[in-house]
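Dropping a structure here in structure tokens format, bear with me for questions.
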Amino acid sequence: MNKDIKNIGIIGAGIMGTGIVQIAIQSQHHVYLYDAQQGAAQKAQSKLQDTFNTLLQKNKISQAQLEEALAYLHIVENIEQLQQCDLIIEAIVEKLVVKQALMKQLEAIVDPQTIMASNTSSLSITAIASECQYPERVAGYHFFNPVPLMKVVEVIQGLHTQPEILEQLADLAQKMGHRPVHTKDTPGFIINHAGRAYGTEALKILSENTASISEIDEILKTSLGFKMGPFELLDLTGLDISHPVMESIYTQYYQEPRYRPNVLTQQMLTGKKLGRKTGQGFYRYLNQKKQEIASTPRYVANRNGIKKVWLHTEFKDDFERLSQYLSQQYILINHEAKPTANDLIIIASYGEDATHSALRLGVNPEQVVCIDMLGNFEQSRTLMPSLVTRQKLIEAALHIFTQAECKTFVIEESLGFITQRVLAMIVNLACDMAQQQIASVDDINEAVKLGLGYPHGPIEWGDLVGREKILHILERISTISNDPRYRPSPWLQRRCKLNLSLMYHA
Ligand SMILES: NC(=O)c1ccc[n+]([C@@H]2O[C@H](COP(=O)([O-])OP(=O)(O)OC[C@H]3O[C@@H](n4cnc5c(N)ncnc54)[C@H](O)[C@@H]3O)[C@@H](O)[C@H]2O)c1
């Protein structure tokens with residue numbers, strides 16, 4: 001099976017098939033394109049011609065490169081003409097029985113050395129290969145849309161897949177300019193699996209009325225550096241696509257609470273509030289343009305004569321950052337063991353709400369305002385008063401922490417700040433994927449950066465913000481809520497206890 005892949009058969013000339021054709025012919029591979037629907041392959045060919053013409057006009061390719069690439073594409077009218085291919089990639093309809101039948105049909109056409117790969121995004125490779133006589137030559141080869149721009153491909157090992165063909169597929173991916181990431185045949189593979197935390201935790205936060213849709217999006221963008229907020233992303237993808245993915249992964253993992261979907265999206269799906277495509281989702285859209293939601297701030301920043309705060313932090317770096325900031329604002333710190341009855345109490349809390357923080361420290365909840373120190377303090381600040389914090393003290397905290405160059409938010413009580421809950425879930429889920437050996441730590445990090453566009457890989461992100469902070473958040477939320485959704489992964493716990501990087505593996 002170890003020969004070079006030169007001739008590639010692609011079945012299915014839709015969005016994905018056309019994208020894969022483009023990168024294959026641009027990297028000088030002969031492609032034989034087949035589609036069951038008459039004229040579909042020809043349509044893909046003329047679409048590619050248009051794409052190359054646009055690239056030519058933008059000086060991204062030369063006329064010679066355009067002609068050469070197109071000469072590598074051969075349209076075939078019947079599936080038997082794929083007989084000479086070294087590799088067949090199917091990108092047909094996402095239906096298990098149809099894909100199984102196609103693989104079985106192909107086995108009768110191609111020779112035993114031919115690799116048969118599926119671009120499925122949600123079906124099991126083992127199941128797709130299960131009707132084959134030689135399931136060891138079937139693998140997953142999962143590209144992302146748009147293929148030429150999303151430079152990552154999941155190389156998926158079914159239960160029977162021979163390791164050599166995975167290497168051949170990875171090698172080909174590199175020749176086509178894509179980063180191959182190796183993964184086991186598990187629900188969601190790497191990228192759709194690791195991506196579960198962002199949306200589901202944001203939905204849970206929203207359903208608890210912690211903050212508004214736009215506040216949650218804004219906080220996550222400014223504080224953690226996401227390019228899109230979770231609700232903007234759900235609207236872009238459309239709930240007709242994303243809600244079934246959430247449900248499918250949850251069901252396939254036998255109701256694992258970490259993947260629990262939310263009733264909010266089920267109802268919106270039923271009510272056809274799908275997102276951009278229906279003009280309304282979490283936001284309203286006019287001519288595809290998001291309409292901003294007008295809101296009146298609940299608090300107005302006012303120092304109210306406050307000159308002194310009583311500060312509590314659990315981590316040394318937070319104390320240093322906050323005390324330095326407060327002194328720049330000419331605010332004194334009361335270093336006594338207990339606050340006075342009029343002090344504003346600032347707590348850099350993790351994984352708990354302001355009420356729990358106050359009661360744990362034995363201070364008056366009426367004086368408490370918690371602050372999030374996990375995210376980017378220079379870009380964004382989030383405050384959380386308790387249910388009973390005096391208005392005057394909330395306004396004073398808002399005044400102290402509001403600066404022209406960064407955004408300040410005040411949220412309702414929540415077990416952990418928005419950034420803390422979302423990031424802890426992302427890191428924890430990825431650690432658990434590493435624990436299950438679904439993929440290597442390196443491949444999980446790279447796949448998430450390239451496939452989901454996160455600013456960091458999820459496991460390296462844990463190290464970057466402080467793994468002990470992530471563990472602390474999860475432990476606290478688990479203890480208070482008693483919700484197994486937040487239980488820390490053993491991978492994370494072990495490395496924190498041994499003071500090792502989350503990237504460490506023996
Ligand atoms: N669209 C995405 O964003 C995306 C991303 C990753 C993976 N995928 C997966 O890629 C595959 C294709 O998705 P798509 O979005 O390109 O679909 P599509 O509907 O755009 O194209 C599918 C093409 O396959 C053809 N086809 C259907 N059944 C066939 C058969 N039995 N034999 C030959 N041709 C057949 C259709 O005529 C059509 O041209 C699916 O498995 C999907 O899950 C899609």
Side-chain angles (χ1 to χ4, degrees), residues 210 219 223 299 301 303-378 380-403 406 408-421 423-424 465-481 496:
T210 301
I219 287 171
S223 187
Y299 304 101
R303 187 69 68 105
N304 286 326
I306 299 289
K307 293 195 185 80
K308 208 184 215 183
V309 303
W310 189 81
L311 179 63
H312 180 82
T313 61
E314 295 178 77
F315 295 95
K316 205 168 147 239
D317 56 336
D318 291 347
F319 182 80
E320 280 161 10
R321 184 73 199 85
L322 278 170
S323 50
Q324 187 195 18
Y325 177 78
L326 290 169
S327 82
Q328 285 161 359
Q329 304 302 309
Y330 305 105
I331 297 284
L332 297 170
I333 297 176
N334 172 1
H335 290 285
E336 297 300 316
K338 286 285 167 195
T340 67
N342 292 319
D343 279 343
L344 164 62
I345 301 174
I346 299 290
I347 304 174
S349 69
Y350 285 87
E352 61 187 357
D353 55 19
T355 298
H356 280 87
S357 290
L359 298 183
R360 183 173 52 79
L361 295 173
V363 297
N364 185 354
E366 290 177 17
Q367 294 169 252
V368 166
V369 175
C370 294
I371 183 162
D372 180 25
M373 295 303 291
L374 190 77
N376 185 343
F377 185 78
E378 310 307 326
S380 171
R381 289 160 201 173
T382 306
L383 304 174
M384 187 204 303
S386 83
L387 210 55
V388 293
T389 306
R390 290 171 209 148
Q391 170 106 2
K392 178 180 141 168
L393 295 178
I394 302 173
E395 290 171 357
L398 194 55
H399 192 273
I400 293 168
F401 288 105
T402 297
Q403 279 189 309
C406 83
T408 309
F409 302 88
V410 182
I411 63 166
E412 300 293 326
E413 288 215 74
S414 154
L415 293 181
F417 282 93
I418 293 167
T419 55
Q420 298 180 1
R421 289 175 62 167
L423 189 56
V465 298
R467 53 189 171 270
E468 61 296 327
K469 288 182 178 169
I470 297 290
L471 179 62
H472 197 49
I473 293 163
L474 293 164
E475 284 177 338
R476 276 245 173 90
I477 305 180
S478 294
T479 310
I480 303 172
S481 70
C496 287

Going by salt bridge (Lys or Arg N to Asp or Glu O under 4.0 Å), name the pairs with one or both residues in residues 321-338, residues two or more places apart or in two chains.
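For residues 321-338: R321-E378.
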
Pairs satisfying salt bridge (Lys or Arg N to Asp or Glu O under 4.0 Å), at least one member in residues 390-400, at least two apart:
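The answer is E366-R390.
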
Check each of T313, L361, L311 against I347 using the side-chain contact (heavy atoms from CB on, under 4.5 Å) test, and report the only one that passes.
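The option that passes is L361.
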
Is any side-chain heavy atom of M373 less than 4.5 Å from a side-chain heavy atom of K469?
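They are not in contact (no side-chain heavy atoms under 4.5 Å apart), so the answer is no.
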
Would you call the rings of Y325 and F401 parallel, tilted or perpendicular, taking 30° and 60° as the class edges?
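Y325 vs F401 ring planes: parallel.
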
Partner set under side-chain hydrogen bond (donor to acceptor under 3.5 Å, both in side chains) for D372, not counting sequence neighbours:
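side-chain hydrogen bond (donor to acceptor under 3.5 Å, both in side chains) list for D372, sorted by chain: T419, Q420.
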
Taking all atoms of both residues into account, what is the closest heavy-atom pair of P365 and A358, and its distance?
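So the two residues come closest at CA-CB, 3.8 Å.
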
Is there a donor-acceptor pair under 3.5 Å between the side chain of E413 and the backbone N or O of D353?
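Side chain of E413 to backbone of D353: no pair is present.
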
T479 and E475: which non-hydrogen atoms are nearest, and at how many Å?
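Closest approach of T479 to E475, heavy atoms only: OG1-O, 2.6 Å.
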
Show the nearest heavy-atom pair for residues L344 and L393, with the distance to one decimal.
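Heavy atoms only, the tightest pair is CD1-O, 3.7 Å.
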
Tell me the closest heavy-atom pair linking A301 and L398, and the distance in Å.
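Scanning both residues, the minimum pair turns out to be N-CD2, 3.8 Å.
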
Is there side-chain contact between I333 and S323, with at least one heavy-atom pair below 4.5 Å?
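Side-chain contact under 4.5 Å: yes.
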
State, with a plain yes or no, whether a side-chain heavy atom of L322 is found less than 4.5 Å away from one of I371.
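Yes, their side chains come closer than 4.5 Å.
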
With respect to H472, which candidate in E352, E314, R467 satisfies the side chain to side chain donor-acceptor pair (under 3.5 Å) definition?
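Exactly one candidate clears the test, E314.
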
